[in-house]
Amino acid sequence: MPEFDLLVVGGGPGGYVAAIRAAQRGLSVGLVEKERPGGVCLNWGCIPTKAMLRSAEVFQTVSAAADFGVHADNVRFDFAAVRQRKDGIVKELTDGVVGLLKANGVTVIEGHARFTGPTTVEVCEVGPSPIGPDGPRYAAAPTAAIRQVSARDVIIATGSVPARLPTPGAELPGVITSDGAFGLTEVPKRIVVIGGSAVGAEWASLFATFGSEVTVVEMQERLVPLEDKDIGVALGRSFTKRGITVLTGSTVTAIAEGGPLRVTVDGPKPREIDADVVLVGVGRRPNTADLGLDAAGIGTDTRGFIPVDDRLRTGVEHVYAIGDVTGRALLAHVASHQGLTAADVIAGHRAHIDYTVIPAATFTHPEIASVGLTEEQARAAGHEVITAKFPFAALGRAKTFGDTEGFVKIVAGHKHQEVLGVHIIGPSASDLITEGALAISLEATLDELADTIHAHPTLGEIGMETALAGLGLPVHIAPRKR
Ligand SMILES: Cc1cc2nc3c(=O)[nH]c(=O)nc-3n(C[C@H](O)[C@H](O)[C@H](O)COP(=O)(O)OP(=O)(O)OC[C@H]3O[C@@H](n4cnc5c(N)ncnc54)[C@H](O)[C@@H]3O)c2cc1C
């Protein structure tokens with residue numbers, strides 16, 4: 001008899017959510033975690049970055065208090081206190097996850113899981129982590145096996161780790177990943193961020209607000225290259241206005257000692273940049289190191305991710321995979337949704353995952369959020385499209401906020417005016433995107449968005465105003481010339 005109905009390997013937002021759902025469906029559930037419950041999201045990703053970005057935002061707002069008729073003299077920040085606040089939030093949330101697992105009757109097993117067969121694993125002790133580019137991680141290499149565990153079904157939820165750069169000098173001290181950035185005890189005077197996607201852009205925004213001299217080097221033609229082109233261009237302009245040096249279409253070809261680090265950049269504006277810290281934010285790789293996938297007969301794709309079907313099944317019976325390790329939209333909410341679906345499937349419910357509507361947010365200043373197709377993707381998919389834009393500067397609530405930078409762009413079908421994509425850069429973009437997600441999910445049209453009464457004065461009105469613009473009936477901006 002297997003020890004558990006279900007064993008979940010990895011306690012991130014994929015794994016712990018799957019474990020809770022499966023327990024609520026009546027299964028006996030074990031969860032193995034080698035570091036801290038909550039995974040990357042709670043410990044090294046979503047939450048700690050947002051906690052620190054919020055401190056940066058408060059600093060920025062208070063520094064500009066005079067614009068609001070409020071006087072706050074001698075405004076300064078205390079980076080140690082910023083980190084301490086972040087640590088407190090992380091602890092509260094990770095303790096909360098431990099409590100929830102316990103309350104739902106999930107057995108948590110501490111250690112590194114390694115497959116010995118498709119549904120059997122050995123759990124090993126983990127040794128202390130050396131301080132490297134990933135900073136003071138909690139645990140590292142597995143050591144001695146401490147127990148064998150078997151289950152009827154297994155979910156692999158081992159997530160991802162920062163990708164490494166093959167560039168000469170990438171191993172030098174001072175060259176860190178996003179994980180390593182949490183180990184910084186002071187704000188670097190000069191920092192080069194390699195990679196202008198969500199992770200790199202957020203760190204660049206944070207350190208620029210705290211006064212670092214920031215350079216972002218991005219290989220693609222614009223920042224946040226997965227976003228709609230207009231959004232990437234707007235972020236580049238905004239960063240430049242804030243004093244961030246943005247080098248797009250550029251690559252770092254070498255990092256050398258001197259300055260204390262000297263970064264060689266190749267591209268339209270080749271140069272050498274001296275930096276105190278180089279932060280590498282060039283993507284993620286699946287976390288399957290020493291997992292014993294071979295012993296379970298589980299294959300990976302060419303990039304090492306574990307392919308799954310829409311019920312999260314791997315090629316091996318009784319083995320499922322969810323979250324970043326599947327390589328499907330590396331986002332916490334996607335991991336959690338996959339977790340719920342996999343748990344339901346294992347518990348015998350009819351469930352499958354649909355990736356059509358996946359909102360995503362980047363918490364730079366200005367903030368970015370999007371859902372659905374970009375204009376380029378919509379056209380490439382054969383849609384004849386109309387697009388509409390509405391600026392926050394024309395919105396009363398944005399004026400009262402003192403935050404009018406940015407716009408909303410809607411991409412809609414030309415014939416039926418169904419909403420295909422919503423792209424936002426500006427205040428509260430990450431919250432405003434929910435209306436766009438619902439619109440796409442319900443196959444709403446511009447008419448339906450425009451006909452929905454929105455409260456005034458709110459930032460949310462911008463969805464309605466953009467839809468009106470798309471219909472050629474804008475109220476608070478001048479109509480497009482015909
Ligand atoms: C800086 C940064 C900011 C981010 N911000 C956001 C954001 O704002 N919004 C968002 O949606 N996403 C964000 N993400 C992405 C998000 O963190 C991930 O998509 C999410 O954590 C993936 O969840 P997961 O459960 O698949 O894996 P993970 O969170 O990576 O968790 C996997 C867990 O498995 C454990 N594990 C691995 N191998 C083993 C093993 N052999 N035995 C036992 N345990 C093991 C690990 O220790 C880890 O705890 C961010 C990521 C980063 C790096």
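Just so you know, ligand 1 is whichever comes first in the structure, and atom 1 is the first atom listed for that ligand. Values reported hereafter were calculated over all heavy atoms of this structure, with side chains retained and with hydrogens, waters and symmetry mates removed.
The proximity of Arg284 to ligand 1, defined as any non-hydrogen pair under 4.0 Å, is limited to the side chain. Within the 4.0 Å heavy-atom criterion, the part of Ser178 lying near ligand 1 is the side chain and not the backbone. Under 4.0 angstrom from ligand 1, there are no non-hydrogen atoms of Pro162. When heavy-atom distances to ligand 1 are checked against a 4.0 Å cut-off, Trp44 comes that close only through its backbone atoms N, CA, C and O. Both the backbone and the side chain of Ala113 come within contact range of ligand 1, each with a heavy atom under 4.0 Å.
Residue pairs satisfying the side-chain hydrogen bond (donor to acceptor under 3.5 Å, both in side chains) criterion with at least one member in residues 429-442, sequence neighbours excluded, are listed as follows: Glu367-Ser430, Glu435-His454.
Near Ser160, meaning under 4.0 Å from any of its heavy atoms, are these atoms of ligand 1: 30 (O). Annotation for ligand 1: atoms under 4.0 Å from non-hydrogen atoms of Gly39 are 29 (O), 31 (O), 48 (C), 49 (O). Listed by number with element, the atoms of ligand 1 under 4.0 angstrom from any heavy atom of Gly12 are 25 (O), 29 (O), 31 (O), 33 (C). Atoms of ligand 1 lying under 4.0 Å from at least one heavy atom of Ala335, given by number and element, are 23 (O), 26 (O). Near Val32, meaning under 4.0 Å from one of its heavy atoms, ligand 1 places the atoms 43 (C), 44 (N). Near Cys41, meaning under 4.0 Å from one of its heavy atoms, ligand 1 places the atoms 17 (O), 21 (O), 29 (O). Atoms of ligand 1 lying under 4.0 Å from at least one heavy atom of His112, given by number and element, are 41 (N), 42 (N). Ligand 1 places these atoms under 4.0 Å from at least one heavy atom of Leu291: 41 (N).
At least one N or O atom of Leu331 sits closer than 3.5 Å to an N or O atom of ligand 1. Remark: ligand 1 and Asp179 share no N or O pair separated by less than 3.5 Å (distance only, no angle test).
Distances from atom 50 (C) of ligand 1 to the heavy atoms of Ala289, Cys46, Gly14 show the closest one on Cys46. Among Thr177, Thr49, Val334, Leu330, the residue whose heavy atom sits closest to atom 15 (C) of ligand 1 is Leu330. The closest heavy-atom contact to atom 44 (N) of ligand 1, among the options Glu35, Lys34, Arg36, Lys50, comes from Lys34.
Judged purely by distance below 3.5 Å, without hydrogens or angles, the side chains of Asp354 and Thr356 pair a donor atom with an acceptor atom.
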Give the C-alpha distance, both sets of side-chain angles, the deciding distance and a yes or no for side chain to side chain contact (heavy atoms under 4.5 Å, CB included) between Leu31 and Ile109. CA-CA 6 Å; Leu31 181 146; Ile109 305 165; over 6 Å; no
Candidate pair Gln148 and Thr120, rule side chain to side chain donor-acceptor pair (under 3.5 Å), full reasoning: CA-CA 7 Å; Gln148 310 293 322; Thr120 51; over 6 Å; no
When you look at Ser205 and Arg242, which way does the side chain to side chain donor-acceptor pair (under 3.5 Å) test go after all the steps? CA-CA 9 Å; Ser205 188; Arg242 288 177 61 194; 3.0 Å; yes
Output, in order, the C-alpha distance, side-chain angles, deciding distance and verdict of side chain to side chain donor-acceptor pair (under 3.5 Å) for Glu202 and Thr364. CA-CA 5 Å; Glu202 285 186 0; Thr364 40; over 6 Å; no
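Relative ring orientation between Phe207 and Phe79 is described as tilted, the plane-to-plane angle lying within the 30° to 60° band.
Residue contacts with ligand 1: Gly111 is included, with a non-hydrogen atom under 4.0 Å away. Residue contacts with ligand 1 do not include Tyr16, since none of its heavy atoms lies under 4.0 Å from the ligand.
Among Arg25, His349, His352, the single residue meeting the side-chain hydrogen bond (donor to acceptor under 3.5 Å, both in side chains) criterion with Asp344 is Arg25.
Using a cutoff of 4.0 Å between basic side-chain nitrogens and carboxylate oxygens, Glu376 and Arg222 are scored as salt-bridged. Salt-bridge annotation for Arg190 and Asp276: present, with a side-chain N of the basic residue lying under 4.0 Å from a carboxylate O of the acidic one. For Lys409 and Glu375, the salt-bridge test passes: some basic side-chain N is under 4.0 Å from an acidic carboxylate O.
Residues forming a disulfide (SG to SG under 2.5 Å) with Cys46 (at least two apart in sequence, or on another chain): Cys41.
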